[in-house]
Amino acid sequence: MFKVRWEMEVAKGKEAKKIVLTKPFSIEGESDAEPFYRAPNLLRRLLSLLKNVRPGSDLTNFQLPPVFNLPKSQLQCYGESVYCTSSNLLSKCNSEQSPVDRFTSVVAWSISTTRPSSFGVAPYNPILGETHHVSKGYLNVLLEQVSVNPPVSALHATDEKENIEMIWWQQPVPKFRGTSIETEVHGKRMLKLLNHGETYEMNCPRLSIRILPVPRMDWVGNVNIRCPETGLVAEISYTSSYSLLGFGGNRKLIKGKILDPSLFKVLYEVDGHWDKTVQVKDTTSGEVRVIYDAKEVISGLKTPIIKNAEDVLTSESAVVWGELSEAIMRNEWEKAREEKEGVEEREKKMVRERGMKGESWVPKNFRVSYSKDTREWNCSPIHKWVPAAPIIAP
C-alpha cells in the first residue's frame, strides 16, 4: 500500500532533512490486509500490548511501538481526507444554484472525508507545533498540532478561485473497551461557501476497532450537519452490523435524512454505503439519485509530490517523521525504534528548555482558546488565506 512514495533528502546548512510522503488510503487499497511493512503476528502482539490495560482506560497518551505505526502522521491523515480526491466535490458544492442542492452536495462532501483504515496500525501522534501544508489545484490546506496534552489538531484550507474556506479542530479520545477500542473525535468542522454567505457546521463519526472475536475497523456513530443561514439540517448515521460470531453482517452503512425544520419536513432520505454509493430519495416525488460514488472520489489516489523541497518546513510532518517512515517501510524495526525515540526525546528537550526560560508555546497559524465551562476548544486561523504549498497533491 505504501510502496509508492516520494522521498527526498535536502541539505540545509550542515543538516539534511529527509522528506518522505506515502500513498493515501483509497477504497481499492483497503483489501490489502497485510501491508508489506507490517510485522508478523500483529493480532497476537496487539493483545500482548493491551493485556495490562484496564477496560475504560483512556489511550490518548498510550505509546505504540513502531511495528504498530503507519508510516505517516495523524496530521497527514486529516489533511488527506480533504486534499486527496479524484473528484472536485467542493466545486460542486459551490456551483449548485439552490440552497437545498448546495446542502445536499455538502452532505456528499462530508461523506467523502470518511476514509478506509487498516486494522492493527495507527498513524504517529503529532508533536507540538508539527505542521502539514499541501496544495491541490487552487485549494491550499494547512494543519498544525496546537496541543499535545490533550492532542488537538487544527486545519485551515482556502480556495481563492472558488471563494471557499474550511476550518477544523479535532481531538481524538481513544478508550479501551476490553474487546475493542472506541475513538470519539471531539471538535468541529466548518465549511464556508463565501459566495453564498453560508457556513456548514458538522462533526465526524467515531472509529471503532474490534479486536475480538474478529478483528475489524469501522466508522460508526451519528453525524449532524447544519447550515444556520438556511436552517437546513442533516442527520446521518454510520453503522455496521455483525452476526453473533462476528462474521458476515452489513458493514459501512449510511442512513439518514435531510430536513427543513422550518417546514417540519423531511426533504430527502439518505441511504447507502460510504465505501460504495450513497443515494437520496425525494420524499415528495419519490425520485432517487446517487449523490456520492466512492469509486469516483476516493479511488486511484496518488502520493503527493514535492514541488519545492527548499520551502518545506522542518516542522512538516513528512520531515519530522521522515527517517522513521523510511525505516518502517524497509522493515528496519530496530532503526525505527531509535528514530521514534529520537523524535520523542527532542520534543521533551524543547519542553524542558521552554520551562527553564519560563516560556509558553504559541501556535504559529491559529489562535487557540479553551473553555472550562463547556470543555471545548476553539481554533481560529490567524491569516485569511492559506498560501500555496511546496507539496502538491496530484
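What's counted below: heavy atoms across the whole structure, side chains too, no hydrogens, waters or symmetry copies.
- Under the 4.0 Å criterion applied to side-chain N and carboxylate O atoms, Glu80 and Arg115 are not assigned as salt-bridge partners.
- Atom CH2 of Trp274 and atom CD1 of Ile111 lie 11.5 Å apart (nearest 0.5 Å).
- Between Glu269 and Lys257 there is no salt bridge, since no side-chain nitrogen of the basic residue lies less than 4.0 Å from a carboxylate oxygen of the acidic one.
- Ser317 places a side-chain N or O within 3.5 Å of a backbone atom of Thr131 that can act as its donor or acceptor partner.
- Considering only heavy atoms from C-beta on, Ser86 comes within 4.5 Å of Leu301 through its side chain.
- Looking at Gln97 and Arg102, their side chains never bring a donor and an acceptor atom within 3.5 Å of each other.
- In this structure, the side chain of Glu376 does not engage the main chain of Tyr370 through any donor-acceptor pair within 3.5 Å.
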For Glu165 and Thr158, what are the C-alpha separation, side-chain angles and deciding distance, and is it a side chain to side chain donor-acceptor pair (under 3.5 Å)? CA-CA 4 Å; Glu165 182 179 29; Thr158 58; over 6 Å; no
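- Side-chain contact between Cys227 and Glu198 is present, with at least one heavy-atom pair separated by less than 4.5 Å.
- Taking the charged nitrogens against the carboxylate oxygens, Lys335 and Glu323 do have a contact shorter than 4.0 Å, which makes a salt bridge.
- Within the structure, ring-ring contact (aromatic ring centres under 6.0 Å, His included) pairs that include any residue of residues 146-171 do not occur (at least two apart or interchain).
- Nearest heavy-atom pair, Val223 versus Cys204, reported as atom, atom and distance to 0.1 Å: CG2-C, 3.8 Å.
- Using a 4.0 Å cut-off between a side-chain N of Lys or Arg and a carboxylate O of Asp or Glu, Arg210 and Asp218 do not qualify as a salt bridge.
- Using a 3.5 Å distance cut-off with no hydrogens or angles, the side chains of Asn140 and Ser135 do pair a donor with an acceptor.
- Ser57 places no side-chain N or O within 3.5 Å of a backbone atom of Val53 that could act as its donor or acceptor partner.
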Identify every side-chain donor-acceptor pair in residues 342-364 under 3.5 Å, counting partners at least two apart or on other chains, and give the distances.
{"residue": "Glu345", "atom": "OE2", "partner": "Arg352", "partner atom": "NH2", "Å": "3.2"}
{"residue": "Glu347", "atom": "OE2", "partner": "Leu128", "partner atom": "N", "Å": "3.0"}

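- With hydrogens and angles ignored, the 3.5 Å screen pairs a side-chain donor or acceptor of Ser112 with a backbone N or O of Trp109.
- Defined by atom type and a distance below 3.5 Å, a donor-acceptor pair is missing between the side-chain atoms of Tyr268 and Thr283.
- The number of heavy-atom neighbours closer than 6.0 Å to OH of Tyr138, taken from other residues, nucleotides and ligands shown, is 12 or below.
- Side-chain atoms of Ser180 and Glu182 include a donor-acceptor pair closer than 3.5 Å.
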Criterion side chain to side chain donor-acceptor pair (under 3.5 Å) on Thr113 and Arg189, from CA distance to verdict: CA-CA 11 Å; Thr113 64; Arg189 299 178 173 188; 2.9 Å; yes
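- With hydrogens and angles disregarded, no donor-acceptor distance shorter than 3.5 Å links the side chain of Ser87 to the backbone of Val297.
- Judged purely by distance below 3.5 Å, without hydrogens or angles, the side chains of Lys340 and Asn69 pair a donor atom with an acceptor atom.
- Residues Tyr78 and Pro172 have side chains in contact (heavy-atom distance under 4.5 Å, counting atoms from C-beta outward).
- Judged purely by distance below 3.5 Å, without hydrogens or angles, the side chains of His132 and Tyr83 pair a donor atom with an acceptor atom.
- The same ILVMFWY cluster, assembled from side-chain heavy atoms under 4.5 Å apart, contains both Leu64 and Ile181.
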Begin with the C-alpha distance, continue with both residues' side-chain angles, and end with the deciding distance and a verdict on side-chain contact (heavy atoms from CB on, under 4.5 Å) for Val319 and Ile19. CA-CA 5 Å; Val319 176; Ile19 309 169; 3.8 Å; yes
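- In this structure, CZ in Arg226 is found 9.5 Å from CZ in Phe103, a value given to the nearest 0.5 Å.
- Without hydrogens or angle criteria, Asn365 side chain to His383 main chain gives no donor-acceptor distance under 3.5 Å.
- In terms of heavy atoms, Thr60 sits closest to Val173 at OG1-CA, 4.2 Å.
- A salt bridge links Lys18 and Glu326; the closest N-O separation between the charged side-chain nitrogens and carboxylate oxygens is under 4.0 Å.
- Residues Asp260 and Lys265 are not paired through a salt bridge, judged by the lack of any N-O separation under 4.0 Å between the basic side chain and the carboxylate.
- Note that CD1 of Ile167 is 10.0 Å distant from SG of Cys379, once rounded to the nearest 0.5 Å.
- By the rule that hydrophobic residues join a cluster once side-chain heavy atoms approach within less than 4.5 Å of another member, Val148 and Leu155 end up as members of separate clusters.
- In this structure the side chain of Val270 reaches within 4.5 angstrom of the side chain of Ile236, judged on heavy atoms.
- A donor-acceptor pair under 3.5 Å is formed between the side chain of Gln76 and the backbone N or O of Ser73.
- Annotation: ring-ring contact (aromatic ring centres under 6.0 Å, His included) contacts involving residues 295-329, sequence neighbours excluded, comprise Tyr124-Trp321.
- To the nearest 0.5 Å, atom CH2 of residue Trp377 and atom CD of residue Gln171 are 7.5 Å apart.
- Residues Ile291 and Gln279 have side chains not in contact (no heavy-atom distance under 4.5 Å, counting atoms from C-beta outward).
- The hydrophobic clustering, which links ILVMFWY residues whose side-chain heavy atoms are closer than 4.5 Å, places Leu90 and Val100 together.
- In this structure, the side chains of Leu207 and Glu184 stay at 4.5 Å or more apart for every pair of heavy atoms.
- When every heavy atom of Trp333 is checked against every heavy atom of Pro66, the shortest pair comes out as CZ3-O, 3.7 Å.
- One hydrophobic cluster, built from ILVMFWY side chains closer than 4.5 Å, holds both Val134 and Leu21.
- Taken to the nearest 0.5 Å, the CE atom of Met190 stands 8.5 Å off from the OG atom of Ser380.
- Proximity of a side-chain donor or acceptor of Glu316 to a complementary backbone N or O of His133 within less than 3.5 Å is detected.
- Pairing each heavy atom of Asp101 with each of Arg289, the nearest pair is OD1-NH2, 4.0 Å.
- Met202 and Val220 are assigned to two separate hydrophobic clusters, defined by single-linkage of ILVMFWY side chains at heavy-atom distances under 4.5 Å.
- The two atoms that bring Ser26 and Ser299 nearest to each other are CB-CA, 4.0 Å, heavy atoms only.
- We find the CG-SG distance between Leu70 and Cys77 to be 6.0 Å, quoted to the nearest 0.5 Å.
- Remark: the backbone N or O of Pro55 is not paired with any side-chain donor or acceptor of Arg177 at under 3.5 angstrom.
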Assess the residue pair Thr199 and Glu201 against the criterion (side chain to side chain donor-acceptor pair (under 3.5 Å)); give the C-alpha distance rounded to whole Å, side-chain angles, the decisive distance to 0.1 Å, and a yes or no. CA-CA 6 Å; Thr199 297; Glu201 301 174 352; over 6 Å; no
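- The side-chain heavy atoms of Leu191 and Ile164, taken from C-beta on, include a pair separated by under 4.5 Å.
- What you find for Ile328 and Pro71 is that their closest heavy atoms are CG2-CB, 4.5 Å.
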Steps toward salt bridge (Lys or Arg N to Asp or Glu O under 4.0 Å) verdict (Lys255, Asp271): CA-CA 5 Å; Lys255 286 187 177 294; Asp271 182 67; 2.6 Å; yes
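- Under the 4.5 Å side-chain criterion, counting only non-hydrogen atoms from C-beta, Ile392 is not in contact with Lys136.
- Checking side-chain atoms of Ser91 against main-chain N and O of Asn88 turns up no donor-acceptor pair under 3.5 Å.
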